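Here the structure is laid out as structure tokens; the discussion comes afterwards.
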Amino acid sequence: GAHINQDDLKNIGRHEAYLRVMKKYNLPIDPNWVLDCKWHRDICFNETIKLLQSDNRPTAIFVASDYMAIAAMRAINSLGLKVPEDISVVAISDIQEAAYLNPPLTTVSVPQKDMGKIATEVLLQRINGDSTIKRQIFVPCKLVVRNSVKKINNEESL
């Protein structure tokens with residue numbers, strides 16, 4: 001599968017997760033399948049078109065945000081291809097609109113409000129003089145399976 005992202009997102013692990021899953025399942029990683037769309041939907045649309053018109057078209061796309069996945073799905077449809085019959089799409093965020101797309105988008109639900117609250121608390125602690133060492137805070141995420149992926153070999157495909 002391909003990965004549509006923004007270079008900055010590599011720093012927070014989405015690209016690394018893509019690479020890890022591809023390696024875990026012994027799937028080929030084609031460098032031409034990793035697209036930097038600069039967090040711009042028009043670029044995402046155009047790059048997805050190019051990807052899908054290439055000789056080595058992936059069967060799935062992992063998109064770094066639901067908003068970018070909407071552009072990718074539009075590109076897929078504009079070429080007369082269907083999600084998920086021709087290409088599966090998985091994204092990250094679980095925005096409200098994801099459940100209402102056609103087909104509804106499979107996505108990783110990220111607790112954005114909790115992340116904002118934690119970030120605000122940490123910032124206020126730093127402003128008030130907390131100079132402790134950096135720490136990592138993990139928030140729970142979950143895969144919300146909808147209809148934008150197809151089953152392959154009796155297993156859910158990502």
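All of these numbers come straight from a predicted model, not from anything done at the bench.
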Closest approach of [X] and [Y], non-hydrogen atoms and distance?
| X | Y | result |
| --- | --- | --- |
| Trp33 | Pro28 | CZ3-O, 4.0 Å |
| Ala75 | Ile49 | O-CD1, 3.6 Å |
| Arg41 | Tyr67 | CD-O, 3.7 Å |
| Ala69 | Ala91 | CB-CB, 3.7 Å |
| Cys37 | Glu47 | SG-CB, 4.0 Å |

>> Using side chain to side chain contact (heavy atoms under 4.5 Å, CB included), reason through Leu19 and Val34 one step at a time and then give a plain yes or no.
In response: CA-CA 10 Å; Leu19 294 174; Val34 179; 5.6 Å; no
[atom2] on [Y] to [atom1] on [X], rounded to 0.5 Å:
| X | Y | atom1 | atom2 | value |
| --- | --- | --- | --- | --- |
| Ile43 | Asn46 | CD1 | CG | 8.0 Å |
| Met22 | Leu27 | CE | CG | 4.5 Å |
| Thr48 | Leu79 | OG1 | CG | 9.5 Å |
| Ile87 | Glu85 | CD1 | CD | 12.0 Å |
| Asn102 | Asn147 | CG | CG | 9.0 Å |
| Ile76 | Arg74 | CD1 | CZ | 11.5 Å |

Can you confirm whether [X] sits close enough to [Y] that some side-chain heavy atom of one is under 4.5 Å from a side-chain heavy atom of the other?
| X | Y | result |
| --- | --- | --- |
| Met73 | Pro103 | yes |
| Gln125 | Ile127 | no |
| Arg57 | Leu51 | no |
| Ser88 | Val83 | no |
| Leu81 | Leu52 | yes |
| Ile92 | Phe62 | yes |
| Val89 | Val149 | no |

> For Gln96, does the CD atom have more than 12 heavy-atom neighbours from other residues, nucleotides or ligands under 6.0 Å away?
Replying inline: no
>> Is there a path of hydrophobic side-chain contacts, each under 4.5 Å between heavy atoms of I/L/V/M/F/W/Y residues, joining Tyr25 to Leu143?
In response: yes
>> In this structure, would Val139 and Val144 fall into the same cluster of hydrophobic residues linked by side-chain contacts under 4.5 Å?
In response: no
>> Checking Asn56 against Asn32: is there a side-chain donor and acceptor pair closer than 3.5 Å?
In response: no
>> Test side chain to side chain contact (heavy atoms under 4.5 Å, CB included) on Phe45 and Ser78; report intermediate values, then the result.
In response: CA-CA 10 Å; Phe45 178 89; Ser78 75; 3.8 Å; yes
> Do Ser148 side-chain atoms and Pro84 backbone N/O form a donor-acceptor pair below 3.5 Å?
Replying inline: no
> With no hydrogens and no angle check, is any side-chain donor or acceptor of Thr106 less than 3.5 Å from a backbone partner on Val90?
Replying inline: no
> Given the rule in the side chain to side chain contact (heavy atoms under 4.5 Å, CB included) test, do Arg126 and Thr132 qualify, once you have shown the distances and angles that lead to the verdict?
Replying inline: CA-CA 9 Å; Arg126 294 285 184 203; Thr132 57; 4.1 Å; yes
> Testing Thr107, Leu105, Ile70 for side chain to side chain contact (heavy atoms under 4.5 Å, CB included) with Ile95, which one passes?
Replying inline: Ile70
>> With a 4.0 Å cut-off on N to O distance, would you call Arg146 and Asp94 a salt bridge?
In response: yes
> Should Asp66 and Met68 be marked as a side chain to side chain contact (heavy atoms under 4.5 Å, CB included) after you check the CA-CA gap, both sets of side-chain angles, and the distance that decides it?
Replying inline: CA-CA 5 Å; Asp66 290 357; Met68 301 304 284; over 6 Å; no
